[in-house]
Amino acid sequence: MLFIWSALTLAEPVKLVTGPDYAPYTDPSLPEGGLAAALVKKVMKQARLPYELEWRPWSNGYSSTLKGAYTGTFPYMSTPERRKLFNYSDPLFVLEIRVFALEGSHLDGTKLETLAGKRYCHPLGWAYLKQIEIMIKKGLLHPIRPYDMSACIRLLAEDKADFIITDQKQGKESIANLAKKLPQIPVPVGGIIETITLHLITPINHPKAREFLMQFNQALQEVHQQQ
């Protein structure tokens, strides 16, 4: 059945969407669109599936995928809320999540009491870590929600926000890309909060998503074995 489905859809490309400003994983200005976009392209080629990849703002691409405009979107971490709506691919990447702040801030994401009362910048469309979401609901943090991580980094460098939370690699690369325009350079502080994985996700109610995800995971495993 899987082979038949694949053959029937060869004339109909799989529609995928991702978002910008998530270096080094996704951004249209990066080589091959970033590490995640490059990996997904390799996997689709390995699976011999024609596809179309579009770039849209994160919240827009997410909601459009949920409504069925796209078969899948990436890269996303797992949350209980998303698990109710999406199926997840096998992991694309493993990330180490850290707090970034100005040097000398004495903040540490492994010691939540150091973050209490602070201004936390977190882009729209990005998921909260569970422990951070709880602090926000309790009024222990003051969230700032711009459209992308670059805006958060600028606000942090201008002392208009106190910290951001992101993957160590992503944070360092994004800051390096903006460094010449920043009055101060944010740095990773404290310990690793947690290790998470990034995935391609497909809507549970999409009629062809489950079959596609089976093919994607098989090709992803083959690509990882080749590396």
Side-chain angles (χ1 to χ4, degrees), residues 1-20 22-28 30-56 58-97 125-130 166-170 192 194-227:
M1 290 295 291
L2 187 58
F3 173 79
I4 293 172
W5 177 84
S6 178
L8 287 173
T9 56
L10 282 177
E12 184 180 340
V14 177
K15 294 189 68 175
L16 303 175
V17 64
T18 188
Y22 189 45
Y25 300 104
T26 59
D27 190 86
L30 295 172
E32 296 191 73
L35 298 179
L39 177 57
V40 168
K41 291 174 184 177
K42 287 180 182 178
V43 172
M44 296 300 286
K45 182 179 180 180
Q46 181 70 23
R48 296 184 176 87
L49 287 174
Y51 67 95
E52 295 175 356
L53 176 59
E54 296 184 18
W55 296 85
R56 299 182 70 170
W58 289 103
S59 58
N60 186 298
Y62 180 90
S63 61
S64 296
T65 303
L66 190 57
K67 293 174 183 176
Y70 300 94
T71 303
T73 183
F74 68 91
Y76 279 89
M77 60 180 278
S78 175
T79 68
E81 293 76 17
R82 286 181 187 154
R83 285 284 181 187
K84 297 175 184 177
L85 303 171
F86 293 91
N87 290 316
Y88 280 67
S89 74
D90 293 339
L92 303 176
F93 299 95
V94 179
L95 311 184
E96 293 180 337
I97 305 302
W126 288 39
Y128 289 119
L129 296 180
K130 187 63 179 179
T166 190
D167 164 46
Q168 186 164 230
K169 183 182 293 185
Q170 191 277 326
I192 295 171
E194 64 179 87
T195 299
I196 65 170
T197 50
L198 291 180
H199 307 259
L200 180 143
I201 59 176
T202 59
I204 289 174
N205 60 0
H206 193 290
K208 297 176 180 177
R210 186 175 295 275
E211 291 88 347
F212 162 67
L213 203 56
M214 289 174 62
Q215 288 182 290
F216 184 90
N217 282 337
Q218 177 61 40
L220 176 61
Q221 182 179 5
E222 293 168 0
V223 169
H224 281 323
Q225 289 172 350
Q226 294 167 5
Q227 294 175 342

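Quick caveat, the model's predicted, so the values are computed rather than measured.
Here the options are Asn87, Leu16, Thr65, the test is side chain to side chain contact (heavy atoms under 4.5 Å, CB included), and the partner is Thr202; only Asn87 passes. Screening Leu129, Thr197, Leu95, Asp167 against Met77 for a side chain to side chain contact (heavy atoms under 4.5 Å, CB included) leaves a single residue, Leu129.
Of all heavy-atom pairs between Thr18 and Thr26, the closest is OG1-CG2, 3.3 Å. When every heavy atom of Pro203 is checked against every heavy atom of Ala209, the shortest pair comes out as O-CB, 3.6 Å. Closest non-hydrogen pair, Gly19 versus Trp55, comes out as O-CZ3, 3.3 Å. When all heavy atoms are compared, the tightest approach of Leu30 to Gly34 is CB-N, 3.6 Å. Of all the heavy atoms in Ile204 and Lys84, the pair that sits closest is CD1-O, 3.3 Å.
Between Phe86 and Tyr76, the ring center distance fails the sub-6.0 Å criterion.
The CZ atom of Phe74 sits 8.0 Å away from the CG atom of Leu92 when rounded to the nearest 0.5 Å. Rounding to the nearest 0.5 Å gives a distance of 11.0 Å between CD1 of Ile196 and CD of Glu96. In this structure, Tyr70 OH and Glu52 CD are separated by 9.5 Å, a value rounded to the nearest 0.5 Å. In this structure, the separation between OH on Tyr88 and CG on Leu198 is 10.0 Å, given to the nearest 0.5 Å. Taken to the nearest 0.5 Å, the CZ atom of Arg83 stands 9.5 Å off from the CD1 atom of Ile201. Atoms CE and CD, from Met44 and Gln215 in turn, are 8.5 Å apart once rounded to the nearest 0.5 Å.
Annotation: side chain of Lys208 is in contact with side chain of Glu12 (closest heavy-atom distance under 4.5 Å). The closest side-chain heavy-atom distance from Leu66 to Leu85 is below 4.5 Å. For the pair Pro91/His199, a side-chain contact is recorded, criterion being any heavy-atom separation below 4.5 Å from C-beta on. Taking the side chain as every heavy atom from C-beta outward, His206 and Thr71 approach each other to under 4.5 Å. The side-chain heavy atoms of Val43 and Phe216, taken from C-beta on, include a pair separated by under 4.5 Å. Between Leu213 and Leu200, the closest side-chain pair of non-hydrogen atoms falls below 4.5 Å. The side-chain heavy atoms of Tyr62 and Arg56, taken from C-beta on, include no pair separated by under 4.5 Å. Side-chain contact between Leu39 and Phe93 is present, with heavy atoms from C-beta onward closer than 4.5 Å.
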Inset, instruction - Take Gln221 and Asp90 through the test side chain to side chain contact (heavy atoms under 4.5 Å, CB included) and record every step on the way to the result. - result: CA-CA 8 Å; Gln221 182 179 5; Asp90 293 339; 5.6 Å; no
Inset, instruction - Test side-chain hydrogen bond (donor to acceptor under 3.5 Å, both in side chains) on Glu222 and Gln226 and set out the steps. - result: CA-CA 6 Å; Glu222 293 168 0; Gln226 294 167 5; 5.6 Å; no
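Relative orientation of the Tyr22 and Trp58 rings is perpendicular, given thresholds of 30° and 60° on the angle between their planes.
Atom NZ of Lys42 has 12 or fewer heavy atoms from other residues, nucleotides or ligands within 6.0 Å.
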